[in-house]
Amino acid sequence: MNQFICLDGKIRNAAEPVLMANNRGFRYGDALFETMRMVAGNIPLLSLHLERLFTSLRLFSYTIPKHFTPELLLTYIETLCRKNRCEQAARIRLTVFRGHGGIFENIDAFNYLIECWPLNAAAQAFNENGLVTAVFPDAHKSCDLFSNSKTANYLPYVMAALYAKRHQLNECFILNEKGHIADGTISNLFFIHQNIIYTPALTEGCVAGVMRKFLINKLQQSGLVVKETAVKLQDLENADELFLTNAVAGIKWVKLCVNTVYRNEQTAAFYKKFIQPVFQ
């Protein structure tokens, strides 16, 4: 079956070239992206995705066209998912980039690309086997105004993913410039110690995850204590449970990080209470 993409509102064959060699996203990492999930024709946490996207567009000084509205985006996403026959379960990627040209050229340009793929059943279930993880030692993420956004400037995460692959790991954690843990290559990190839930603060350079924000709110509304703070490797060594979140997978339980083995009782309960209803 042919796959299709949507570039600036036009449906195209995914096998056809659509970007030029001087694309600013390719040349400079001058692009933002959102990864979303579609379930039975709906996008869970869509309002949080759109909030993060438009906040980042303003932060990165994009000139946003008047016609580029949440309603327009949703229409194109739904159309593309139907075209690719994956509206019942899909992974969606929206990329916004500032056109083509040199670093001082086309600074007001605005283009967007929507892609979608069928999502298999494994991505929708709680992972009973648990993930095997470690800390990536060779890169340190900065903690600045732009650290919380999802950008195409993704090299530390790419290198960490390669490290994980070569060491037969499921995920790797990225350190920030202070040597604290920021996040994973595709996930935010949470751990539980003595019934208190901890996660790296946004000031620690982690991506401002949509599922992260949703889950923190739900946990706090349930009367649980959540602390956004600096997280050191020693904290993970002392943790009772460790889990990861993102908008596609929801929650994934970590079984092992370096030499520490974790339980999953509370993590599984969080999945059933907070995440599963969102994805049904």
Side-chain angles (χ1 to χ4, degrees), residues 29 32-35 45 48-49 51-53 55-56 58-60 131 133-161 163-164 169-220 224-254 256-258 260 262 266-267 270 274:
L32 298 166
F33 72 96
E34 284 288 326
T35 305
L45 312 183
L48 295 180
H49 282 290
E51 177 187 343
R52 180 173 64 181
L53 172 65
T55 297
S56 294
R58 290 187 289 269
L59 175 64
F60 282 80
L131 304 180
T133 66
V135 175
F136 180 55
D138 297 333
H140 291 79
K141 188 179 180 184
S142 63
C143 303
D144 57 31
L145 190 63
F146 309 109
S147 301
N148 303 142
S149 297
K150 298 189 75 169
T151 77
N153 193 349
Y154 216 66
L155 189 58
Y157 296 105
V158 170
M159 298 310 297
Y163 180 91
L169 305 168
N170 300 116
E171 175 64 298
C172 257
F173 303 130
I174 305 292
L175 299 174
N176 64 20
E177 56 198 8
K178 306 172 223 178
H180 302 158
I181 294 173
D183 46 22
T185 64
I186 57 170
S187 59
N188 288 109
L189 175 147
F190 289 77
F191 72 89
I192 305 170
H193 180 60
Q194 296 180 349
N195 293 318
I196 297 176
I197 303 154
Y198 298 85
T199 189
L202 294 179
T203 53
E204 292 292 298
C206 66
V207 168
V210 163
M211 187 58 70
R212 174 189 183 276
K213 183 174 184 177
F214 169 80
L215 186 60
I216 288 173
N217 289 337
K218 286 295 184 181
L219 292 169
Q220 291 175 334
L224 296 166
V225 178
V226 181
K227 293 187 177 182
E228 300 178 66
T229 185
V231 175
K232 302 176 182 178
L233 181 57
Q234 184 179 354
D235 296 322
L236 301 190
E237 293 171 349
N238 296 328
D240 303 313
E241 297 189 28
L242 178 62
F243 62 90
L244 309 178
T245 63
N246 67 34
V248 174
I251 282 180
K252 291 298 182 184
W253 164 54
V254 174
L256 180 68
C257 180
V258 190
T260 304
Y262 305 99
Q266 291 185 75
T267 301
F270 294 160
F274 303 122

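- A salt bridge is absent between Lys252 and Glu171: the closest approach of a Lys/Arg side-chain nitrogen to an acidic carboxylate oxygen does not fall below 4.0 angstrom.
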Take Leu202 and Arg212 through the test side chain to side chain contact (heavy atoms under 4.5 Å, CB included) and record every step on the way to the result.
CA-CA 11 Å; Leu202 294 179; Arg212 174 189 183 276; 3.5 Å; yes
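- Shortest non-hydrogen contact noted between Ser149 and Leu32 is CB-CD2, 4.4 Å.
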Start with the C-alpha gap between Phe173 and Leu236, add the side-chain angles, then the distance that decides, and say whether side chain to side chain contact (heavy atoms under 4.5 Å, CB included) holds.
CA-CA 11 Å; Phe173 303 130; Leu236 301 190; 4.3 Å; yes
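- With a 4.5 Å cut-off on side-chain heavy atoms, Leu175 and His140 count as touching.
- In this structure, Thr185 and Phe136 have side chains that are not in contact, with every pair of non-hydrogen atoms separated by 4.5 Å or more.
- Between Ala152 and Phe33, the closest heavy-atom pair is N-CD2, 4.4 Å.
- Without hydrogens or angle criteria, Gln266 side chain to Glu241 main chain gives no donor-acceptor distance under 3.5 Å.
- Listed by first then second residue, pairs satisfying ring pair (Phe, Tyr, Trp, His ring centres under 6.0 Å) with a partner in residues 185-208 read Phe190-Phe243, Phe191-Tyr198, not counting sequence neighbours.
- Other residues, nucleotides and ligands contribute more than 12 heavy atoms inside 6.0 Å of the NZ atom of Lys178.
- The distance from the NZ atom of Lys213 to the OG1 atom of Thr199 is 14.0 Å, given to the nearest 0.5 Å.
- In this view, Tyr157 and Lys141, Asp183 satisfy the side chain to side chain donor-acceptor pair (under 3.5 Å) rule, not counting sequence neighbours.
- A distance of 12.5 Å separates CG in Leu224 from CD1 in Ile216, rounded to the nearest 0.5 Å.
- Atoms OH and CG, from Tyr262 and Leu256 in turn, are 7.5 Å apart once rounded to the nearest 0.5 Å.
- The heavy-atom pair separating Glu237 from Thr260 by the smallest distance is CA-OG1, 3.5 Å.
- In this structure, Cys206 and Ala201 approach most closely via the heavy-atom pair SG-O, 3.6 Å.
- Heavy atoms only, all atoms of each residue included: Ser187 and Asn246 are closest at CA-CB, 4.4 Å.
- Although no hydrogens or angles enter the test, the distance criterion places no donor-acceptor pair under 3.5 Å between the side chain of Tyr163 and the main chain of Leu169.
- Of the possible polar contacts, none joining the Asn217 side chain to the Phe214 backbone as a donor-acceptor pair under 3.5 Å is found.
- Side-chain atoms of Asn148 never come within 3.5 Å of backbone atoms of Ala208 as a donor-acceptor pair (strictly under, hydrogens ignored).
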Go through it in stages, so that I can follow the logic: the residues are Val207 and Arg52, the test is side chain to side chain contact (heavy atoms under 4.5 Å, CB included), and I'd like the CA-CA distance, side-chain angles, deciding distance and then a yes or no.
CA-CA 10 Å; Val207 168; Arg52 180 173 64 181; 3.9 Å; yes
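- Atom CG of residue Leu189 and atom CD1 of residue Ile174 lie 11.5 Å apart, to the nearest 0.5 angstrom.
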Check the pair Met211 / Leu45 against side chain to side chain contact (heavy atoms under 4.5 Å, CB included), numbers first and verdict last.
CA-CA 8 Å; Met211 187 58 70; Leu45 312 183; 3.7 Å; yes
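- Side chains of Ile251 and Leu215 form a contact here, defined as non-hydrogen atoms less than 4.5 Å apart.
- Atoms CG and CG, from Leu53 and Leu48 in turn, are 12.5 Å apart once rounded to the nearest 0.5 Å.
- For the atom pair CG (Asn188) and OG1 (Thr245), the distance works out to 4.5 Å, reported to the nearest 0.5 Å.
- Here the closest non-hydrogen pair linking Cys172 and Ala160 is CB-O, 3.7 Å.
- The closest side-chain heavy-atom distance from Asp144 to Glu177 is not below 4.5 Å.
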